[in-house]
Amino acid sequence: MTVMPDPASFRARVLALVERIPAGRVMTYGQLATLAGAPGAARQVGFIMSGLAGTDLPWQRVINAQGAVSTDRLGFGDIQRGLLTAEGVTFGASGRCDLGRLQWWPDEQTDAQASLF
DNA sequence: CTTTTGACTTATT
DNA sequence: AAATAAGCCAAAA
């Protein structure tokens with residue numbers, strides 16, 4: 001069961017975005033905060049994520065701006081990397097992936113269709 | 001209302 | 001490249 005607070009809340013907007021991240025792609029905390037309407041609230045996004053583990057949401061696809069997972073100190077960094085690796089995301093020896101290639105933006109799903117407007 | 005807290009980010013050594 | 005410091009903002013208490 002997923003957490004569904006007020007649709008108007010910052011949290012709900014973040015969760016809605018997380019749910020749309022395609023497999024094998026990632027988003028950063030700051031990016032989510034900005035798209036949810038609160039630039040700079042990256043830390044708050046992280047706090048929201050703390051409740052996502054164990055839900056249906058693809059929480060593993062949210063990483064930090066360095067292209068690395070921020071869950072090592074929580075004890076399940078290896079689990080998160082494992083899930084992402086299973087989706088095709090590759091991590092270098094430094095524990096970071098190629099953000100420039102894997103970071104996903106919501107409008108990416110539309111390409112030629114966007115020009116209809 | 002004020003204070004505290006973080007799965008963050010950026011700039012600066 | 002790695003470690004520090006300071007800034008940042010939404011919730012909960």
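Atom set for the values below is all heavy atoms of this structure, side chains included, hydrogens, waters and symmetry mates excluded. Remember, it's a predicted structure, so these values are computed and weren't measured experimentally. Numbers restart at 1 for each chain; the letters A, B, ... are given by sequence-line order, proteins then strands.
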Can you check the [X] [atom1] to [N] [atom2] distance for me, whole Å?
| X | N | atom1 | atom2 | value |
| --- | --- | --- | --- | --- |
| A:Arg73 | C:dA3 | CZ | P | 15 Å |
| A:Leu83 | B:dA7 | CG | P | 19 Å |
| A:Leu52 | B:dA7 | CG | C1' | 10 Å |
| A:Arg13 | C:dA10 | CZ | P | 9 Å |
| A:Leu17 | B:dA7 | CG | P | 20 Å |
| A:Phe10 | B:dC8 | CZ | P | 13 Å |
| A:Arg96 | B:dA7 | CZ | P | 21 Å |
| A:Leu99 | B:dT9 | CG | C1' | 13 Å |

Sorted by position of nearest nucleotide on DNA chain C, 5' first, the leading residue of A:Phe47 and A:Ala42 is A:Ala42
Assert: residue with more 5' nearest nucleotide on DNA chain C, out of A:Ile48 and A:Arg43, is A:Arg43
Hey, what do you get for [atom1] ([X]) to [atom2] ([Y]), rounding to the nearest 0.5 Å?
| X | Y | atom1 | atom2 | value |
| --- | --- | --- | --- | --- |
| A:Thr90 | A:Arg101 | OG1 | CZ | 5.5 Å |
| A:Met27 | A:Ile21 | CE | CD1 | 5.5 Å |
| A:Arg96 | A:Asn64 | CZ | CG | 9.5 Å |
| A:Trp59 | A:Leu15 | CH2 | CG | 14.5 Å |

Check: For A:Ser70 and B:dC8, is the shortest distance between a side-chain N/O and OP1 or OP2 below 4.0 Å?
Finding: yes
**Item:** Under 4.0 angstrom between A:Arg11 side-chain N/O and C:dA10 OP1 or OP2
**Value:** no
Margin query: Need one value for A:Ser94: base, sugar-phosphate or nothing, where a base atom within 4.0 Å counts as base even if backbone is also close, heavy atoms only.
Written below: nothing
From the candidates C:dC9, B:dA7, B:dT10, the one with an atom nearest any side-chain atom of A:Phe76 is B:dA7
Side-chain atoms of A:Asn64 come closest, of B:dA7, B:dT9, C:dA10, to B:dT9
Looking at A:Phe47, I'd like to know if its CZ atom is crowded, meaning that more than 12 non-hydrogen atoms belonging to other residues, nucleotides or ligands lie closer than 6.0 Å.
no
